[in-house]
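A quick write-up on the structure given underneath.
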Amino acid sequence: MKRIWAAAPAAVLGAVAAHDLLQRRHAVLRNFPVIGHARFWLEAIGPEVRQYIVAGNDEERPFSRDQRRWVYASAKLQNNYFGFGSDNDLEHSSGNVIVHHRTFGRSYPTHGAVGQEARLPAAKVLGGPRGRRHAFRPESVVNVSGMSFGSLSGNAIEAINRGAAAAGCLHNTGEGAVSPYHRNGADLVFQIGTAYFGCRDDQGRFDLAKLKDLVASAPIRALEIKLSQGAKPGLGGVLPAPKVSAEIAETRGVPEGVDCLSPSRHAEFDDVDTLLDFVELLATETGLPVGIKSAVGDMTFWHELADLMEDRSRGVDFITIDGGEGGTGASPLIFTDAVSLPFRLGFARVYSVFAAKGLHEDVMFIGAGKLGLPDNAVVAFALGVDMVNVAREAMLAVGCVQAQKCHTGECPTGVATQSPWLAHGLDPISKGERVANYVKTLRRDLLKVSETCGVEHPALIGPDSVEILDNLSDGRLLECVYGYEPGWGYPSEDDREEITAIMVATEEEEAGTEGPPETAEDGERADDAAGEVVEH
């Protein structure tokens, strides 16, 4: 019996070798039977090896180890400070962001201690300039971007919604409609995609009555018409039949177990003129602010939109610009890498079109595409953004480890999957607390930078306060880089005065900011090794 067991491994290896020699799919295995499998194993674990062992702190993409560590530590109220200086290569690399601090400023630092909520409402009233019946001032300049139930698990959506509610920020539904997981306390921005999920008839056409019923039954504060997404502009989508569960089918208003198609274009309008008619129809019938979300490519659309809005008889209430560096659950590589402009360039071009016609003060500008990091967000505000949307950063807060398996449905942390087994490990209550912590910490950091620049609110940081370095030989202010004219990049004078009064009147007590403000007050030790990025 012992001889049989001793011979078993050799027999297995012999069988594998025979298979490798006879198969014709892989040259590596035919030339190097058995040991050739190590190549495929190393390829499979390559992302993890690079993530934790090989790559430097500032090398990985989409999010570097430093960036992920900052999000993780902020979400868990741990020490999110960094020691021994910057990892950025200021001496040899270009594109580094430098914020101009002021020795003396008009703002008085009152933010930054543990437990402070970092109250940071928007500087503009959403829908106010166009007199929408349900116009409102968003409570938070940091909000959650569109991520659909279907792309994300129900537990992940619930966690994000709970966190958004606790942080007082808006939660965009994504184009997959309002699921039960979106109804855990947060105010919603309902995204209307090309398939009109949640507001469609049996033939897949837009149904106004269903939209009004949905608005009446859910905490929807605004409507966003999705024209395109930064990571896959102009591209439709398919949710394969096996993934169209009963729950997803009911949420989206589609048949169960049948391929769920998202066309590449809208059927309710086919040019800018009819788009604005559709916008005004939605606003009139619901009373809600209505905006659009789009990536930036050809500028013809934006010039036509600004031209038709110039007489102010029709217009969008907000514009969400999604940069080409934004994320998605799945997209062809060519779209992810090479279609649509990156956020800064795309946004600056669109903003300039509206500013040249004096429309920039009437529109709420929202930015998306890796803007959930303080330095990127500061640049966005300096360029004229009024609010930022976060997506992958919120996913990191609920446990994403950047495994980059979103397109496979095999997300190991249960975030981007519909597998009940994988999703069950994600606790929506505890992870919801982490989302809230992350949002509050980002807002607090934005307040700190604002005060460093001598102003009360990030919307008051202008393009003359941020510089882009070209190695150590040259640097240019944002206003020079993107051709901004004097006065661009700010809200209107009235909005500036009003948000300044709101911020000055805050009831938060003055507090010192010495030491890491995200370290727990009770002195509890962090459960992870300092500076280590681990599974969350």
Side-chain angles (χ1 to χ4, degrees), residues 143-166 169-200 204 206-207 210-226 229 237-262 288 293 328-330 389-391 394-395 397-400 406 409 411 413-429 431-432 435:
N143 299 289
V144 178
S145 191
M147 294 179 286
S148 302
F149 171 53
S151 295
L152 267 57
S153 68
N155 282 2
I157 293 291
E158 180 179 343
I160 291 172
N161 191 263
R162 288 178 179 273
C169 66
L170 298 168
H171 183 187
N172 192 303
T173 63
E175 62 180 311
V178 180
S179 71
Y181 306 102
H182 286 99
R183 299 173 181 266
N184 284 277
D187 286 339
L188 303 175
V189 175
F190 179 62
Q191 188 178 90
I192 301 174
T194 57
Y196 306 111
F197 295 129
C199 56
R200 55 187 267 152
F206 173 72
D207 189 323
K210 287 189 176 180
L211 175 65
K212 294 172 72 173
D213 289 343
L214 181 64
V215 168
S217 66
I220 296 173
R221 303 296 303 276
L223 304 176
E224 180 181 80
I225 302 169
K226 179 182 176 182
Q229 180 180 340
V238 179
L239 189 64
K243 292 186 177 181
V244 184
S245 64
E247 195 171 30
I248 289 178
E250 182 178 359
T251 297
R252 297 193 177 195
V254 298
E256 180 182 354
V258 177
D259 285 347
C260 183
L261 306 177
S262 294
L288 298 175
K293 174 182 180 177
T328 183
N389 281 351
V390 300
M395 292 170 63
V398 299
C400 170
C406 314
C411 172
T413 56
V415 180
T417 181
Q418 291 304 306
S419 164
W421 169 250
L422 292 172
H424 94 286
L426 195 161
D427 175 46
I429 296 177
K431 298 298 187 181
V435 173

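A distance of 4.5 Å separates CG in Leu422 from OG1 in Thr417, rounded to the nearest 0.5 Å. The CD atom of Glu247 lies 4.0 Å from the CZ atom of Phe149; values are rounded to the nearest 0.5 Å. To the nearest 0.5 Å, atoms CG (Leu223) and CG (Leu214) are separated by 9.0 Å.
Within the 3.5 Å criterion, the main-chain N or O of Arg200 finds a donor-acceptor partner in the side chain of Lys210.
No side-chain heavy atom of Phe197 sits under 4.5 Å from any side-chain heavy atom of Ser148. When side chains are defined from C-beta on, Val178 counts as touching Arg183, because their heavy atoms get closer than 4.5 Å. No side-chain heavy atom of Cys199 sits under 4.5 Å from any side-chain heavy atom of Asp213. Counting only heavy atoms from C-beta outward, the side chains of Ser145 and Lys293 approach each other to under 4.5 Å. Within the 4.5 Å cutoff, the side chain of Phe190 has heavy atoms near those of the Leu211 side chain. You'll find the side chain of Val390 stays beyond 4.5 Å of the side chain of Asn143, heavy atoms only. Looking at Leu288 and Val215, their side chains come closer than 4.5 Å, going by heavy atoms from C-beta outward. Put simply, the side chain of Glu224 reaches to within 4.5 Å of the side chain of Asn172, judged on heavy atoms.
Of the N and O atoms on the side chains of Glu175 and Gln191, not one donor lies less than 3.5 Å from an acceptor on the other residue.
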Show me, pair by pair, the donor-acceptor contacts under 3.5 angstrom made by side chains of residues 152-166, not counting sequence neighbours?
| residue | atom | partner | partner atom | Å |
| --- | --- | --- | --- | --- |
| Ser153 | OG | Ala156 | N | 3.1 |
| Ser153 | OG | Gly414 | O | 2.7 |
| Asn155 | ND2 | Ala423 | O | 2.9 |
| Asn155 | ND2 | Leu426 | O | 3.1 |
| Glu158 | OE2 | Arg162 | NE | 2.9 |
| Glu158 | OE2 | Arg162 | NH2 | 3.0 |
| Asn161 | OD1 | Asn184 | N | 2.8 |
| Asn161 | OD1 | Gly185 | N | 3.3 |
| Asn161 | OD1 | Ala186 | N | 3.4 |
| Asn161 | ND2 | His171 | ND1 | 3.0 |
| Asn161 | ND2 | His182 | O | 3.0 |
| Arg162 | NH2 | Asn184 | OD1 | 3.4 |

Passes side-chain contact (heavy atoms from CB on, under 4.5 Å), Val398 versus Val415? Steps please.
CA-CA 8 Å; Val398 299; Val415 180; 4.0 Å; yes
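Every residue two or more places apart in sequence or in another chain that forms a side chain to side chain contact (heavy atoms under 4.5 Å, CB included) with Arg221 is listed here: Phe136, Leu170, Asp187.
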